[in-house]
Amino acid sequence: MRIMISADMEGATGVTYTQDVVPGTEQWQRMRRMFTSDVNACVAGLHDGGATSVFVNEAHSSQRNLLLEDLDTRATMLTGRHKPLSMMQGIDSGVDGVVFLGYHTGAGVDGVLAHTYLENSITGVWLDGVHASEGRLNAAMAAEHGVPVLLVTGDDKACADARDYVPDARVAVVKECVSRYAAICSPPARTAELIRTEAAEGMKHAGRYAGEATPHRVEVEFDATHLAHAAAVVPTVELTGVRRVGFDAPTMTEAMKAFKVVTAIAAGAVEGIYG
Ligand SMILES: [Zn+2]
């Protein structure tokens with residue numbers, strides 16, 4: 001049983017603020033340790049539940065956040081950016097389950113550091129008409145490869161979101177959202193116990209099934225009109241509203257590749273203070 005962990009940072013233990021997740025800051029240096037602690041608890045729990053190897057894919061920002069020197073020796077880690085499948089790199093490598101660790105809610109809804117790919121500028125993403133977080137998008141890609149989502153960790157809002165898009169998955173609430181930048185946090189020793197227990201439980205659902213590639217429609221709304229116009233330059237992407245674009249893709253993997261291009265082009269069009 002080979003399991004993958006897609007590890008994002010906004011939903012990690014203790015993280016509530018911009019500086020907590022921006023590489024290079026003093027707070028980030030501190031939070032990396034708690035983020036790594038969450039991952040190690042998950043690796044331990046997955047092994048308790050029968051995993052034979054665990055592969056961690058760093059999924060936050062520069063994708064150089066976890067402390068390899070402190071990683072559980074039973075795991076390996078993909079660190080660094082520029083990966084075709086991004087947060088889900090490795091989902092097509094024959095894994096028997098995936099964990100979404102440190103996940104958060106999507107742009108436009110309540111939740112600690114809520115966003116979808118871009119920290120701001122995007123105000124909402126919809127997958128086949130349903131408001132979608134990164135978790136929902138990534139779960140659709142996992143389903144395409146026949147990989148069950150075993151566990152989602154994050155704040156209470158991210159876990160409530162997960163209950164909707166992957167009802168069979170376990171959840172581990174590591175903090176209670178008070179606002180986008182505030183949460184009631186449990187110490188890492190406590191959240192580690194919880195993550196470990198839930199990861200072991202999650203292993204009951206491990207095991208690949210026959211995945212199916214199906215067409216999907218993605219819509220993205222921005223906070224400024226020119227960002228939608230910039231995104232609409234991408235082939236297959238059409239303007240569907242004043243600040244909104246949409247596109248169809250033959251598979252979820254293709255949809256995510258197109259989404260990545262849309263976010264990159266829009267991010268490049270953001271101008272200083274006015275956005
Ligand atoms: Zn994220």
Side-chain angles (χ1 to χ4, degrees), residues 4-23 25 27-28 31-32 34-36 38-39 42 56-66 77-91 98-127 131-142 149 151-162 164-166 169 171-175 177 180-181 183 218 220-222 252 255-257 259-260 262-264 266-267:
M4 166 176 158
I5 300 173
S6 170
D8 204 356
M9 196 169 181
E10 285 89 353
T13 296
V15 168
T16 61
Y17 193 54
T18 309
Q19 272 67 31
D20 295 346
V21 291
V22 171
T25 68
Q27 274 302 302
W28 170 77
M31 294 300 169
R32 309 170 73 180
M34 289 199 252
F35 183 26
T36 307
D38 284 6
V39 167
C42 187
V56 185
N57 177 29
E58 284 224 39
H60 173 72
S61 184
S62 60
Q63 291 145 43
R64 295 179 180 279
N65 307 281
L66 291 167
M77 181 174 118
L78 171 55
T79 191
R81 58 191 296 192
H82 304 302
K83 304 172 288 194
L85 299 184
S86 192
M87 301 178 83
M88 292 297 274
Q89 186 73 25
I91 198 67
V98 61
V99 173
F100 295 166
L101 184 139
Y103 271 41
H104 49 82
T105 48
V109 301
D110 203 9
V112 174
L113 297 169
H115 70 284
T116 308
Y117 270 62
L118 304 184
E119 295 83 358
N120 43 50
S121 304
I122 288 177
T123 56
V125 176
W126 289 264
L127 176 64
H131 188 271
S133 57
E134 291 166 11
R136 185 180 291 273
L137 296 169
N138 293 342
M141 204 200 282
V149 179
L151 165 70
V152 179
T153 83
D155 72 355
D156 55 328
K157 307 282 185 192
C159 291
D161 180 40
D164 189 56
Y165 66 75
V166 281
V171 295
V173 176
V174 301
K175 57 197 170 192
C177 172
R180 193 165 188 241
Y181 297 114
V218 175
V220 185
E221 189 182 79
F222 299 96
M252 194 58 208
M256 287 309 287
K257 286 179 179 173
F259 179 60
K260 199 174 163 186
V262 163
T263 57

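Read the numbers this way: they start at 1 and go in the same order the structure lists the ligands and their atoms. No hydrogens, no waters, no symmetry mates; every other heavy atom, side chains included, goes into these values.
- A distance-only check finds a donor-acceptor pair linking the side chain of Thr123 to the backbone of Glu221 [under 3.5 Å].
- Protein N/O/S atoms found under 2.8 Å from the Zn ion (ligand 1), listed by chain and residue number: Asp8 OD2, His104 NE2, Glu134 OE1.
- Counting only residues at least two apart or on different chains, the salt bridge (charged side-chain N to carboxylate O under 4.0 Å, His left out) pairs with a member in residues 103-112 are Asp110-Lys157.
- Every residue two or more places apart in sequence or in another chain was checked for a side chain to side chain donor-acceptor pair (under 3.5 Å) with Thr36, and none qualifies.
- Tested against Phe35 for a side-chain contact (heavy atoms from CB on, under 4.5 Å), the candidates Thr13, Asp8, Leu101, Val15 yield a single pass: Leu101.
- Panel note: side chain Asp156, backbone Val173; no donor-acceptor pair is recorded below 3.5 Å.
- Residues satisfying the side chain to side chain donor-acceptor pair (under 3.5 Å) test with Gln89, not counting sequence neighbours, are none.
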